[in-house]
Amino acid sequence: MSNLLEGKFALILGIANRWSLAYAIAQAFSREGATLALTYLGEHQKEAIEDLSKDLNVAAILPCDVTKDEELVALTESLRALDQPLDAVMHSLAFANREDLVRPFVETSRGGFQLAQDVSAYSLVAVARATAPLMTAGGSLSTLTYLGSTRVMPNYNVMGVAKASLEAAMRYLASDLGPQKIRVNAISAGPVKTTSARGIKDFASILDTVPERAPLRRNTDPAEVADAAVFLASDLGRGVTGNILFVDAGMQVMAY
Ligand code: IMJ
């Protein structure tokens, strides 16, 4: 594999630290020859991203809180100022209140539900609207999802509902943006030990059971998720839109 993204300009949202799937994706995009723009949330993440970007081919590091419309407008303007058409966007972010990932789903508050939907699902629509005008030669918008969108996973709760919404939004965006040659897809990754999984009750036991049951008899490697993202962003994925690509060692097919 090399140079699958040569000459392409890609925006990646959602790197928090070196364990982020978005960071594995940034590394793979860089390896394949892409130039990157990265976004961060808050000053704390800014330093972390600056550090991580040293080994990557990064043209811009930009602030972006996806819950703020004005920050998305500013993102569009900052990218426009770089004066190169955008080819790929990777949406790799989600958030729910921790309390909504530990107590029964039935206890979910209106505010907690809305927050999870806003950050984890509506943000794909907002990012699509902010970046589609920059993908003047067509492009690819990808997001990350999880099996908890269609099956009940212990504790995933409000995030499962947000991922269901995200996946549906992905399909509607694929329909809307297809005429502009912009493809929209999701990668459904198997469980990976990232900061988003840290402290989740029973996460360790989930990571222990996947290798016993998944067809490939192992867990998902972030680099495998990243290579699937490369495929979708590259011309190899040119016929694929509105799809969910499972990168989960096959776990999704199992009913036991
Ligand atoms: C998260 C919670 C419960 C079960 C889970 C997960 N499983 C997996 C995850 C089985 C794989 C990780 N995942 C796929 C997510 O989408 C996580 C989202 C998330 C995680 C946190 C933790 C810290 C916090 N808010 C969060 N919001 C979203 O405060």
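All ligand and atom numbering here is 1-based and tracks the order in the structure. Note that the structure is predicted; figures quoted are calculated from it, not measured.
Rounding to the nearest 0.5 Å gives a distance of 14.5 Å between CZ of R183 and CG of L173. Distance OG/S140 to CG/L5: 9.0 Å, rounded to 0.5 Å.
Residues H91 and S142 bring no donor and acceptor atom of their side chains to less than 3.5 Å of each other. Side-chain contact, S123 with D118: no donor N or O sits under 3.5 Å from an acceptor N or O.
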What are the distances between nitrogen or oxygen atoms of ligand 1 and protein nitrogen or oxygen atoms, counting only those under 3.5 Å?
unit_1, atom_1, unit_2, atom_2, d
ligand 1, 16 (O), Y156, OH, 2.6
ligand 1, 25 (N), A96, O, 2.7
ligand 1, 27 (N), A96, N, 2.9
ligand 1, 27 (N), A96, O, 3.3

Checklist entry - Between V127 and L124, does a side chain to side chain contact (heavy atoms under 4.5 Å, CB included) hold up when you go through it step by step? => result CA-CA 5 Å; V127 166; L124 185 70; 5.5 Å; no
Next on the checklist: Let's go through N157 and T108 carefully: what are the C-alpha distance in whole Å and the side-chain angles of both, what is the deciding distance for side-chain hydrogen bond (donor to acceptor under 3.5 Å, both in side chains) to 0.1 Å, and is it a yes or a no?
Outcome noted: CA-CA 8 Å; N157 300 356; T108 306; 5.8 Å; no
